[in-house]
2 protein chains.
Amino acid sequence: MLGMFCVRVCSGLMGFRAASHVRSLHSFPGITVAQIDEEVAKLLQLKAQIGGGDDGKHQFVLKTAKGTRDYNPKQMAIREKVFSTIIGCFKRHGAETIDTPVFELKETLTGKYGEDSKLIYDLKDQGGELLSLRYDLTVPFARYLAMNKITNIKRYHIAKVYRRDNPAMTRGRYREFYQCDFDIAGQYDAMIPDAECLKIVHEILSGLDLGDFRIKVNDRRILDGMFAVCGVPDDKFRTICSTVDKLDKMPWEDVKKEMVNEKGLSEEAADQIGEYVSLQGGMDLAERLLQDQKMSQSKLACAGLSDIKLLFSYLQHFQVTDKVVFDLSLARGLDYYTGIIYEAVLSQVGVAPVSTEAQNGAEESVSVGSVAGGGRYDGLVGMFDPKGRKVPCVGVSIGIERIFSIMEQKAEASAEKIRTTEIQVMVVSAQKNLLEERLQLVTELWNAGIKAEMMYKKNPKLLNQLQHCEESGIPLVAILGEQELKDGVVKLRVVSSREEVDISRAALVEEIRRRTSVA
Amino acid sequence: MLGMFCVRVCSGLMGFRAASHVRSLHSFPGITVAQIDEEVAKLLQLKAQIGGGDDGKHQFVLKTAKGTRDYNPKQMAIREKVFSTIIGCFKRHGAETIDTPVFELKETLTGKYGEDSKLIYDLKDQGGELLSLRYDLTVPFARYLAMNKITNIKRYHIAKVYRRDNPAMTRGRYREFYQCDFDIAGQYDAMIPDAECLKIVHEILSGLDLGDFRIKVNDRRILDGMFAVCGVPDDKFRTICSTVDKLDKMPWEDVKKEMVNEKGLSEEAADQIGEYVSLQGGMDLAERLLQDQKMSQSKLACAGLSDIKLLFSYLQHFQVTDKVVFDLSLARGLDYYTGIIYEAVLSQVGVAPVSTEAQNGAEESVSVGSVAGGGRYDGLVGMFDPKGRKVPCVGVSIGIERIFSIMEQKAEASAEKIRTTEIQVMVVSAQKNLLEERLQLVTELWNAGIKAEMMYKKNPKLLNQLQHCEESGIPLVAILGEQELKDGVVKLRVVSSREEVDISRAALVEEIRRRTSVA
C-alpha cells in the first residue's frame with residue numbers, strides 16, 4: 001500500500017541515470033500539486049544555474065519570433081488604409097467599439113475551440129493566475145458580455161490574436177495576426193442582424209477593391225438535419241461536419257473515403273450526403289429542399305431552410321444577392337455556431353499565389369482566398385454566465401492578413417509611390433547659419449497645425465534638403481535665405497513643378513493650406 | 001567524488017516526504033539541461049494527472065487577468081480622442097509609424113532593464129523559441145533598427161506593453177498598458193532632435209488640456225560628472241543614481257540615509273550631492289554650473305551642461321521654455337540613457353487623487369502626475385548589431401493610462417454626453433409591416449455613405465425607436481409611414497427640437513449630409 005514516486009538525478013563520473021516510477025496515481029492521495037511545484041522549482045533552479053542553453057554554446061539571433069513580423073512604415077500605410085475602409089463600414093452601421101486584454105485567464109479559453117486548443121499560447125506560470133493569449137476575439141467578447149451582463153450591443157473589435165499554427169507567411173498566415181470583428185448581440189427578429197453581417201462583408205470587400213468575390217452561406221441546422229436524414233448517428237455529427245469542411249480543398253472522393261474508412265460511416269449515408277453537398281443556389285434551392293422528401297423530414301433542416309429563404313429576401317433589399325450563394329458544402333470548423341454560417345472567398349486572388357495548403361479546421365485560418373467568415377452563436381455567452389443566461393449573437397470576422405498580403409503585392413507591382421508621412425512642407429535654408437530662423441519658421445507652422453519638418457543639421461546642403469522632399473513625396477518647400485528674411489517673405493517651391501514663388505510671411509500658412517488641401 | 005542530486009516524492013499512507021540534496025553544482029558536470037527538462041516534464045505530467053488545481057475544488061471566475069481591464073465603448077471613445085491628439089502631433093512632426101509583435105525572443109529583452117527584468121512576462125515553453133511579452137517599445141525599436149540596418153528614422157509607435165508590476169488601477173497603473181512612443185534615430189547635430197522631443201511633449205500636453213504641467217530636464221553626463229566630483233566611486237554611479245531617482249517621493253533626509261547607510265557612501269559625498277540636486281533653473285543655471293569650481297572639473301559634466309545651454313536656446317525658438325525646468329534631481333530609472341533625460345509632470349492632477357506610492361524605478365511607471373518621459377540612448381541599437389554599430393537615438397514615451405484615468409473622471413464629472421457611435425440618422429417606421437421599406441431606405445443611405453441604422457425588429461414601436469435616438473445621441477430620424485411612401489417622401493425629424501419636415505426621397509441624402517456636416 002506504500003506508493004512511491006522517485007526522480008533521481010545522479011551525475012558526475014558515474015554519468016546520468018534517471019529512474020521514474022509512477023504507479024497508479026490513485027494510490028498516492030498524499031501528493032499535492034504544491035509539493036510537485038516545489039520539486040519542479042528546484043529542478044528549474046538547477047537548470048538555470050547550470051547554464052540555461054542546452055549546450056552552453058550561445059548565439060544571439062536577431063529576429064522576430066517565429067510566425068510574426070514587423071510592419072515597416074510602407075506596410076503600416078497600407079494597413080491603415082485597409083483599417084480605415086473596414087472601420088468606416090463598421091461605423092456606418094452604427095457599431096460601437098470595445099477592447100479586451102491580449103491575455104485571458106486560461107480557463108476562459110478552455111473548452112471553446114475543440115482540438116484547436118493545442119494552438120493556444122500559454123503564459124509561463126510565474127506565480128498568480130494562469131494566463132493564455134487570446135485565440136480569437138469572439139470568446140473574449142462573450143466573456144465581456146457575460147461579465148458585464150450586457151444583453152444588447154453592436155460592436156466592432158480590431159485586434160491581434162495568437163495561434164501556434166504552422167505559419168505560411170508569404171500566404172498571409174501568421175502566428176500573430178489581426179482580426180476585424182463585427183458582432184450583433186441581442187434577442188431580435190430572425191435573420192435581420194444576420195443579413196446585416198452579410199451586407200457588411202459585401203461592403204468591405206467591394207470597398208477594398210480586391211476583385212470579384214463570393215459569399216457562401218449555409219446553416220448548422222441544415223447540416224445537422226441533413227446528417228440526420230442521411231443516417232449519420234447523432235454522436236458523429238460534429239466529426240462528419242469537420243470532414244465536409246474539407247470539401248473546398250479535397251475532391252469528393254477523398255472526403256467520402258475519410259467518412260467511410262476513417263469515420264466509419266456507411267457508404268450509402270456518405271453517398272446521400274455527397275448528393276446534398278454538391279448543391280448550390282439561392283432562395284430557389286432553399287424552396288426546393290423544403291419540398292425534398294428526405295430533407296423535409298427533419299424539423300431542424302426545415303427551420304434552417306425557412307431562415308435561408310427569409311435571409312435571401314432581406315439580402316435582396318440590401319442589394320447584395322449578386323455575390324451570395326447558398327452552398328450546402330459550407331461547414332466551418334468551430335463548434336460554437338448554432339445557426340447561419342458564412343464565408344467570403346476571393347475569386348481572383350490578385351497577384352498573390354493561391355494557397356492550396358490543407359485547412360486545419362480553425363475558424364479563420366486563411367485558405368484558398370478565404371477572407372471573411374462568421375455565423376450565429378447563440379450559446380457561447382451562456383457558457384460564461386453563472387446562471388447560463390443566453391445572449392443570441394451573430395457576427396463576422398474579416399481576416400485581413402491575407403488582404404494585406406494582396407495589397408502589399410499590388411503596391412509593389414504598381415508604380416504609385418506610397419507616402420509614409422503626411423508632411424505638407426519642408427523648411428529649408430539656402431545658406432549657412434540659418435538654423436535659428438528655420439526653427440522659428442517650423443514652429444510657426446507647427447503652431448498653426450501645418451505638418452512640417454526640417455533637417456536636424458545646423459548647415460544642411462540645399463540639394464540634400466530638396467532631395468529628401470523628392471524622395472518622401474513632400475509637396476512643398478519653404479526656402480529661407482538672407483534675402484527672403486530681409487524681405488519678410490518665404491520662397492515657396494512646388495516640388496513636382498519646381499515652380500517657386502515668394503509669399504509674405506503673414507500669408508504663408510494660408511497659402512500652404514490652400515495648396516495642400518486638395519492634394 | 002560522486003555527486004548526487006535526488007528529488008524524492010514519497011506518499012500514500014506514509015504522507016509526503018521530499019528530500020532534495022543539492023551540493024555544489026561544479027561537481028555535477030554530467031547533468032544536462034535536457035535531462036532536467038525531462039524530469040520536470042514528468043513531474044508536470046503527474047501534476048496534470050492529479051488535477052491541476054491545488055485542492056480539486058474548482059470555481060470558474062468571470063474576470064479579466066489581474067492588472068488588466070476591458071475598455072467599454074465610452075472608454076474607447078475617450079481613448080480614441082486621446083490617440084487622435086497624440087497621433088495628430090506625431091504626424092505634424094513628420095513621423096512614420098511601425099509595428100512590432102507583442103512578444104519578442106526572450107533574449108532580445110535580456111540585459112536591457114536591469115533589476116526590473118523580473119517584471120517581464122514570459123511565455124510558457126511549449127516547444128520552439130522562448131518568448132517574452134514586450135516590456136516597452138524602445139527595445140523592440142532598437143531591435144528593429146539593428147535587424148533592418150536602419151540608421152535614420154523618425155517613427156512613432158503606439159501599442160500595449162506588459163509588466164508584472166503591482167497594479168494600482170484607480171491610479172492608472174496596469175499590467176497591460178499603452179505607450180505612445182516617438183523617437184528620432186540618426187547621427188545629427190547636437191540637441192536639435194532632442195529639443196523637438198520636448199516640443200512634442202509640450203504640444204501634446206497642451207493639446208490634451210490636462211491643466212498646467214512642467215517638463216523636468218537633466219543629463220546623464222551631468223549626473224555622472226556630479227557623482228565623480230562629489231567623490232562617488234565609479235562602480236556606485238548607477239546605484240546612487242537610483243537613489244537620487246527617489247527624490248520626488250522621499251525627502252532628502254531619507255535619500256541621504258539610503259546613500260550613506262545602505263549604499264555605503266560617505267556623509268560628505270552625500271551632502272555635496274544633496275546641494276547639487278536641490279538646484280533647479282534654466283539656461284542660467286547651466287551657465288552657473290559651468291563656472292562652478294567643483295563641477296567644472298568634470299569634462300563629462302561640462303559636455304552635458306553645454307548641451308543643456310544649447311537645448312534651452314533651441315527651446316526658446318520652439319517657444320516652450322515656459323514649461324521646461326533644468327532639474328538636477330531628475331535621474332530616471334533605466335540604464336540605457338546616455339545623454340539628456342526628461343520627464344513631464346502634471347501640476348494639477350485634475351479630479352484624480354495624487355499617487356504617493358513609491359516608484360519602482362521602472363522607466364514609465366506612473367507616479368505623481370508623471371505622464372511622459374524619455375531621453376537619449378545612443379548605445380542601445382549597438383547592443384543588437386552584430387558588429388556593434390551604434391545608431392544614436394532620442395525619444396519620448398507618453399504614458400496615457402494616467403491621462404485616460406483623468407479624462408474618464410473628467411467625463412464622468414461633466415454633464416456632457418459621450419457618443420459612442422457616429423450614427424447620423426435612424427430609419428424608423430410609424431406603422432406595422434414596413435420592414436422591407438426600412439431595409440430599402442437604410443440600404444440607400446448606407447450606399448450613399450450615410451451612417452444609419454434601424455431596429456432589428458419586424459414591427460418596432462415608434463416610441464422605442466425614438467427613445468433609442470435620444471439615448472444614443474442620434475441627431476436625425478427618417479420616419480416612414482404609409483402616407484410618406486405614397487407621397488414619395490420621408491419625414492425627417494430633428495431629435496433635439498422635435499421639428500419634423502417632409503423631404504423628397506431624392507433629396508434625402510443631401511439633406512442629411514447638410515444637417516449633420518457641422519454637428
Side-chain angles (χ1 to χ4, degrees), chain A residues 2-12 15-16 20 25 28 30-31 33 35-36 39-40 42-43 47 49 54 62 64-65 68 70-71 73 76 91-92 94 96-97 99-101 103 122 124 131 144 147 176 188-189 192-193 317-318 420-423 436 439-440 443 451 453 456-458, chain B residues 2-12 15-16 20 25 28 30-31 33 35-36 39-40 42-43 47 49 54 62 64-65 68 70-71 73 76 91-92 94 96-97 99-101 103 122-124 131 144 147 176 188-189 192-193 317-318 420-423 439-440 443 451 453 456-458:
Chain A
L2 185 82
M4 185 160 196
F5 169 62
C6 180
V7 181
R8 204 179 270 158
V9 186
C10 311
S11 83
F16 176 87
S20 164
L25 285 162
F28 306 91
I31 304 181
V33 166
Q35 287 159 341
I36 292 180
E39 294 308 312
V40 168
K42 283 175 193 157
L43 282 164
K47 177 179 171 180
Q49 282 171 308
D54 258 329
L62 194 58
T64 60
T68 69
D70 297 317
Y71 281 81
M76 286 299 281
K91 287 192 170 173
R92 193 158 57 244
E96 305 177 294
T97 187
D99 195 15
T100 64
F103 44 67
D122 290 329
K124 191 164 136 185
L131 307 172
Y144 173 82
M147 196 172 128
E176 174 186 61
Y188 299 117
D189 284 325
I192 311 179
H317 299 303
F318 281 156
T420 56
T421 80
E422 298 171 15
I423 288 295
E436 298 191 352
L439 291 173
Q440 283 158 9
T443 301
K451 292 168 189 140
E453 68 179 356
Y456 303 120
K457 300 260 181 189
K458 278 195 214 164
Chain B
L2 184 81
M4 185 160 196
F5 170 62
C6 180
V7 179
R8 203 179 272 159
V9 184
C10 312
S11 83
F16 177 87
S20 165
L25 284 162
F28 305 88
I31 304 181
V33 166
Q35 286 158 341
I36 292 179
E39 296 307 314
V40 168
K42 281 174 194 156
L43 282 163
K47 176 179 172 184
Q49 282 170 310
D54 257 329
L62 193 59
T64 60
T68 69
D70 297 317
Y71 282 82
M76 286 298 282
K91 287 192 171 174
R92 193 160 56 243
E96 305 176 295
T97 187
D99 195 16
T100 64
F103 44 66
D122 291 329
L123 269 72
K124 191 165 135 184
L131 307 172
Y144 173 82
M147 196 171 129
E176 174 187 60
Y188 299 118
D189 284 326
I192 312 179
H317 300 302
F318 282 156
T420 55
T421 79
E422 297 170 15
I423 288 295
L439 291 173
Q440 283 158 11
T443 300
K451 291 167 189 142
E453 68 179 355
Y456 302 120
K457 301 259 182 190
K458 277 195 214 166

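Every chain is numbered from 1, with letters handed out A, B, ... down the list of sequences.
Your options are A:T64, A:T68, A:D122, and the one with the most heavy-atom pairs under 4.5 Å with chain B is A:D122. Among the candidates A:P193, A:G94, A:A65, A:P73, the residue making the largest number of heavy-atom pairs closer than 4.5 Å to chain B is A:P73. When A:M147, A:E176, A:K451, A:R92 are compared by the number of non-hydrogen pairs under 4.5 Å with chain B, A:R92 comes out ahead. Interface check for chain A: of the options B:D70, B:T420, B:I423, the most heavy-atom pairs under 4.5 Å are formed by B:D70. Each of B:L439, B:L131, B:T100 has some count of heavy-atom pairs under 4.5 Å with chain A, and the biggest count is that of B:L439.
For chain B, the nearby parts of A:Q440 are the backbone and the side chain; heavy atoms of each come within less than 4.5 Å. With a 4.5 angstrom heavy-atom cutoff, A:L62 touches chain B via backbone and side-chain atoms both.
Rounding to the nearest 0.5 Å gives a distance of 11.0 Å between CD of B:E96 and CE of A:M76. Interatomic distance, B:Y456 OH to A:I192 CD1, rounded to the nearest 0.5 Å: 9.5 Å. Expressed to the nearest 0.5 Å, how far NZ of A:K124 lies from NZ of B:K124 amounts to 12.0 Å.
Remark: A:F103 pairs with B:Y121, B:Y162 by the ring-ring contact (aromatic ring centres under 6.0 Å, His included) rule, at least two apart or across chains.
In this structure, A:K457 places its NZ atom where more than 12 heavy-atom neighbours from other residues, nucleotides or ligands lie under 6.0 Å away.
Closest heavy-atom contact between B:Y71 and A:Y144: O-OH, 4.4 Å.
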